[in-house]
Structures are given as structure tokens and as C-alpha cells.
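Whatever order the structure lists ligands and atoms in, that order sets their numbers, starting from 1. Values below: all heavy atoms of this structure, side chains included; hydrogens, waters and symmetry mates excluded. Just so it is clear, the structure is predicted and the values come from calculations on it, not from any experiment.
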Amino acid sequence: MSDPIKYDLVILGGGAASFAAITEASRRGLSTAMVNTGLPLGGTCVNVGCVPSKHLLAVGEKAATPQENPFEAVQYSDGEPTIDWAAALDGTDELVERFRQENYVDVAEYFETDIYEGYGELVDDTTIEVVDGVDEGARITGERALVATGSSPWAPPIDGLDEVDYYTSETILKERDLPESIVMLGGGYIALEWGQILHRVGVDVTILQRSERVLSGMEGQLGREMQCAFQEEGIEVITGNGFQRVRAPATDGGSETIQSGVAVETLVDGTERSVTGDALFVATGVQPNSDGIGLETVGVETNDDGTIHVDEHFQTTNPDVYAAGDVIGDPELETVAAKEGNHAIKNAFGDEGVSIDYDSVPAVVFTDPEVAAVGTTELEYMDEHGTCSCRTVEMEDVPRAKAVKNTDGLVQVVKHHETDEIVGVHMVGPRAADMIMEATLAVKFGLTVDDIIDTIHPFPTFSEAFKHACQAFRRDTSTMSCCVQ
Ligand SMILES: Cc1cc2nc3c(=O)[nH]c(=O)nc-3n(C[C@H](O)[C@H](O)[C@H](O)COP(=O)(O)OP(=O)(O)OC[C@H]3O[C@@H](n4cnc5c(N)ncnc54)[C@H](O)[C@@H]3O)c2cc1C
């Protein structure tokens, strides 16, 4: 076997973490190579994640807007909009293609990164071999290696699930002919975003969530608000499911035999229910792509959930191998993957010892209304300190929300009970995804509620909701002139 081709840095995987890594490597004048397969270059975010879902949410929003018009002064005379889903997917494909070319293919070329196409495995310390695909047989080695293989949709072990076809957030992007109704398993952000997209383009959606509320990893009020908003919009949300079995047509057993589509047999509050639809969509989370990539061969250990074990500097149990992105686990976000990829290279080649403050990473759900959060929840604070210092302001008390008749939602602030530093902010409402940045700075830099109150916010804006929630620690905000600073 010929000697491997030598680089400074070799990378397994070609997504957000890897591209941040080659950007930092290029800044340092390092030679780089990347092995990628499965998803095209750019990985999840551009091809099947952030970009397509946000584009299609905007399509759905436009489709639903006439129904949501709150102004009597505006009337739509020509009735319901018509929606061409295949055209929406064509638009998505065009957008993805452009993003992929400009932000990934051209970038790799600019940084002179060699791209190897195929399935890669670590075969010896920092050596990667392409074992399948276009460049099969290629072997590359580096002074350091980065594993950034991302994650894939995960399906829970439910009886019968293996025997039925189901959509995931990846496969739905290929379905040009949507079914009339879909049963969706899961209640996290992917389930909510895709549930709303599908509902708004005309699919009858039922969301089944195992926990007692949707968005179970976030502050409780957010999930409850979203559940109400979804129900009001016409999306059925059933929480507290004990999934028992999934059945396809002509399967005997259970309370009935279905002729077409799919049935999910579940227990809700101790009562058996059978929820049926034309198709099933599984949005129950992701699993790390860490199997079959040679980790054990090179001494890289994994955690119980299959994520790669790294220290706070993204170094694995093999000191020459670093790992970043979804494959090292929660929070599985594009921005986090990119920051980890950047920091891994700084640590691997510059010994800079940089790490990430995960407590100040904002999480966003791009539904309508939007959901956004950063930092500690009320419950977490109670658990840690035995007391809580929290205030919630409803959007209906915020002047801008009232003025534009868009009053769904709330903002909750959790502060330190002694120092007044803001430790958590949780919101549902219009523009929450943009508003969370002010809160993120507050949490990251330890600003107090008085720092926010003292800062003049433009009037009237949704951003005032955060200031009002801070003011609520100091006064009764229900009887307040709108220009009180
Ligand atoms: C539906 C959806 C919506 C999302 N929306 C958002 C959002 O709005 N905002 C946000 O911040 N995040 C969002 N995310 C999450 C975000 O996409 C991921 O966190 C991010 O893309 C992870 O980047 P990564 O580099 O770790 O992995 P990836 O981008 O998945 O890249 C890994 C690449 O490695 C390849 N690969 C795997 N194994 C091998 C192998 N053995 N050999 C060669 N190649 C291999 C994969 O096929 C892939 O191309 C979303 C995710 C989904 C699924």
C-alpha cells in the first residue's frame, strides 16, 4: 500500500464544523484535506437542515398570512391561496445549490483544501482512508486529525416502526407529492418547525409527543405557549404519549385493522388511543455519526450515547485527534458546530486553550410565533439555589405588539437572587429569534436587570418586552406609562 498523502490537518466530514476548521487552518497557513460523503459538501445545515427549513417556513408563513390578517381594514377577496409544494421544493433546491456553491465549494477551493469524496475511516492515528466512494483507496494523513461527521435523524425503538415507511427532516425534502395527513412523532424544534411548514401548505398534522409538553428541554412556559398557538392554528398536539406500537395497512391486531396509511397506538393518561394518518414523520432527535469510522482503532473513546468524548478543548482521548460539531453532542446547532471547529484548530495548532461557554448559547425555534432562550430556566435555578427570582411579561402588554395586533407570547427573565445578574431569558413571540441576542449578551457578560432598564430601547419595538420583564423586578409593569424608562 502506498504512503498516505501528507497534510497539516485532515478532516473526516464536510459540514459546518469542518468549514470553520479549514477557515482557521487557512489563517494559520496550514495545508488541509477533507473527506466527505452522505450529504453533499456543507453537511446538514445547508443541504437538509437550517437553510431548507427556514426557506419552507417562510413559504408556509406566506401561505397562512391571509388567514391571520388581524385588520378588518384589509380584506382578501380571492379566498384561499393555492400552494404548489413541488414549486416550493424547486425554490428550496435552487437556494441550497447557491448557498452550497458560494459558502462551501468556492470556500474550499479558495482555501486550497483537497476534497476527497467517499466514506472515510480513521485507520491509524491521524490517517484517514476512503473505504467507499469516488476516491476509494485514497489515504491521507495529518499532523492532527479532526472528526466532524455530524449526526443523523434518530428513530426510537417503538414496536412496528421498522416495518413502516416514514419521513424524516431529510427525506421529506424529496417528497414532491405530499399526503393529506401526517402523524408526527416528536415535540422538539424539528417537529414544531416541520409540523408548521406541513400544516401551512395544507397537510393535516397531528403531533405526538412523549413528554408532558412540547419543547420539553426548554422553560415550561414556552412549550405550553407553543402548544396553545399550534392548537389555535389547527395543528393537533397530543402530549404525554406512551407510544406502544406503529401499524401499517392490513396488519392485524390492536383495536382495528387499517386499510391505508399508518396508525400509532398510544396511551394518553392511561387511555388507549389509535392516531391515524396517511403518513408518518419521525422527528424524535438525532444520533451521532460515530459508528464505523475507526474510532476504536485509533483510541478515540465515545460516551454512552455514542457521542465522541472530548475535553473542554475538543481533544479526544487520542491527543492528536480532535472532534467538533454534532458528533460530540448537545447542543446540536450550526453555530456551535462552527465555533467548536474553529476552537479545535486553535487548540490543536496554537495551544490556545480556548473553550465555549455553553451556558450562554442561545437556542431558537423558527416557528410562528418564534421561540428563543438562553441560560438557566426557572426550574434549574430552583434546583440549584432553592429559591427563584423570575418575572414574566406577556406580549399583550408590550406597546409594539398591541399596535401591530401581534400579541402572542411572553418574555421571562431569571436573575440571580442576590447579585441581580441576568442568568436566563426565555421568550415566545414575534421576532424572538432576533431579540434573544440582547439577552445572550446579558447572560454572557453578567449584566444586571438594572443595566437593561438603564439602557434606552427604541420605542415602540418588540425588544422592549425584555426591558419590561427586567422592570417587573422593580415595579408593577401593568400600570406603567409606555415611555417609563
Ligand atoms: C431540520 C434541521 C434544521 C436545523 N436548523 C438549524 C437552525 O436553524 N440553526 C442551527 O444553528 N442549527 C440547525 N440545525 C442543526 C445544524 O444543521 C447542525 O447542528 C450542524 O449542521 C452540524 O454540523 P456538523 O459539522 O457537526 O455536521 P454536518 O453538517 O452534519 O456535517 C457532517 C458531514 O460529514 C459527513 N459524514 C459523516 N460520516 C462520514 C464519513 N464516515 N466519511 C465521510 N463523510 C462523513 C456527513 O454526511 C455530512 O456531510 C438543524 C438541523 C436539522 C436536521
Quick one: does V327 get a heavy atom under 4.0 Å from ligand 1?
no
Students should be able to answer this: which protein heavy-atom is nearest to atom 42 (N) of ligand 1, and at what distance?
G120 N, 3.0 Å
I want to check something: taking the side chain as every heavy atom from C-beta on, are I238 and T206 in contact at a cut-off of under 4.5 Å?
yes
Considering only non-hydrogen protein atoms, determine which one is nearest to atom 47 (O) of ligand 1 and report residue, atom name and distance to 0.1 Å.
T37 O, 2.6 Å
Residue portion contacting ligand 1 (non-hydrogen atoms closer than 4.0 Å) for L12:
side chain
Of all the atoms in ligand 1, which lie at a distance below 4.0 Å from a heavy atom belonging to I293?
41 (N)
Less than 4.0 angstrom from a charged side-chain N to a carboxylate O is my criterion; do K54 and E193 meet it?
yes
Got a sec: does the CD of E301 have more than 12 other heavy atoms crowding it under 6.0 Å?
no
Can you establish whether the number of heavy atoms outside R213 located under 6.0 Å from its atom CZ is more than 12?
yes
Which protein heavy atom lies closest to atom 39 (C) of ligand 1, and at what distance to 0.1 Å?
T149 CG2, 3.7 Å
Any side-chain to backbone donor/acceptor pair from N342 onto A338? Under 3.5 Å, distance only.
no
Show me which atoms of ligand 1 lie under 4.0 Å from any heavy atom of F366.
8 (O)
How far is atom 29 (O) of ligand 1 from its nearest protein heavy atom, and which residue and atom name does that atom have?
T44 N, 2.9 Å
Quick one: does G341 get within less than 4.0 Å of ligand 1, heavy atoms only?
no
Could you tell me whether A337 and ligand 1 have an N or O pair separated by under 3.5 Å?
no
Residue part near ligand 1, for I190, under 4.0 Å between non-hydrogen atoms
side chain
Is S169 in polar range of ligand 1, meaning some N or O pair under 3.5 Å apart?
no
What do you reckon, is CZ of F349 surrounded by more than 12 foreign heavy atoms closer than 6.0 Å?
yes
Would you please say whether a donor-acceptor pair under 3.5 Å links the side chains of D326 and S151?
yes
Ion pair R200/E233, N-O distance below 4.0 Å
yes
Report the nearest protein non-hydrogen atom to atom 2 (C) of ligand 1: residue, atom name, distance rounded to 0.1 Å.
G49 CA, 3.4 Å
Please check whether S53 reaches ligand 1 - meaning an N/O of the residue sits under 3.5 Å from an N/O of the ligand, judged on distance alone.
no
Return yes or no for this condition: an N or O of G325 is under 3.5 Å from an N or O of ligand 1.
no
Heavy-atom neighbours of Q101 CD exceed 12 at 6.0 Å:
yes
Checking D114 side chain against A33 main chain: does a donor-acceptor pair fall under 3.5 Å?
no
Inter- and intrachain pairs under salt bridge (Lys or Arg N to Asp or Glu O under 4.0 Å), touching residues 328-352, at least two apart:
R28-E352
Tell me, which protein residue and heavy-atom name are nearest atom 31 (O) of ligand 1, and how many Å apart are they?
G15 CA, 3.3 Å
Is it true that N289 and S152 share a donor-acceptor pair across their side chains at a distance under 3.5 Å?
yes
Does an N or O anywhere in S18 fall below 3.5 Å from an N or O of ligand 1?
no
Identify the closest protein heavy atom to atom 35 (C) of ligand 1: which residue and atom is it, and at what distance?
N36 OD1, 3.2 Å
What do you reckon, does A16 have a nitrogen or oxygen under 3.5 Å from a nitrogen or oxygen of ligand 1?
yes
Please identify which atoms of ligand 1 are closer than 4.0 Å to at least one heavy atom of G118.
42 (N), 43 (C)
Using only heavy-atom distances, determine whether the side chains of T307 and D305 contain a donor-acceptor pair under 3.5 Å.
yes
Any sub-3.5 Å donor-acceptor pair from S18's side-chain atoms to G13's backbone N or O?
yes
So the atoms of ligand 1 within less than 4.0 Å of a heavy atom of A148 turn out to be 32 (C), 34 (O)
To the nearest 0.1 Å, how far is atom 12 (N) of ligand 1 from its closest protein heavy atom, and which atom is that?
E334 N, 3.2 Å
Sub-4.0 Å atoms of ligand 1 with respect to non-hydrogen atoms of C45
17 (O), 21 (O)
Could you list the atoms of ligand 1 found under 4.0 angstrom from a heavy atom of D326?
18 (C), 19 (O), 22 (C), 26 (O)
Quick one: does L39 get an N or O within less than 3.5 Å of an N or O on ligand 1?
yes
When you check the side-chain N and O atoms of Q221 and T392, is any donor under 3.5 Å from an acceptor?
yes
So M427 and I436, do their side chains get closer than 4.5 Å, heavy atoms only?
yes
Say whether E121 and ligand 1 are in contact under the criterion: heavy-atom distance to a ligand atom below 4.0 Å.
no
Would one find an N or O of A17, backbone or side chain, under 3.5 Å from an N or O of ligand 1?
yes
If we number the atoms of ligand 1 from 1 as shown, the ones under 4.0 Å from a heavy atom of L333 are 10 (C), 11 (O), 12 (N), 19 (O)
Assess whether side-chain hydrogen bond (donor to acceptor under 3.5 Å, both in side chains) is satisfied between E236 and Q231, documenting all intermediate values.
CA-CA 6 Å; E236 192 178 1; Q231 302 273 23; over 6 Å; no
Only heavy atoms count here, so choose which of Y116, Y119, Y104, Y189 is nearest to atom 15 (C) of ligand 1.
Y189
Sub-4.0 Å atoms of ligand 1 with respect to non-hydrogen atoms of K54:
5 (N), 6 (C), 7 (C), 8 (O)
Kindly say whether the aromatic ring centers of Y166 and F281 come within a distance under 6.0 Å.
no
Nearest option to atom 9 (N) of ligand 1, as decided by whichever heavy atom of S290, A20, A433, C50 sits closest
C50
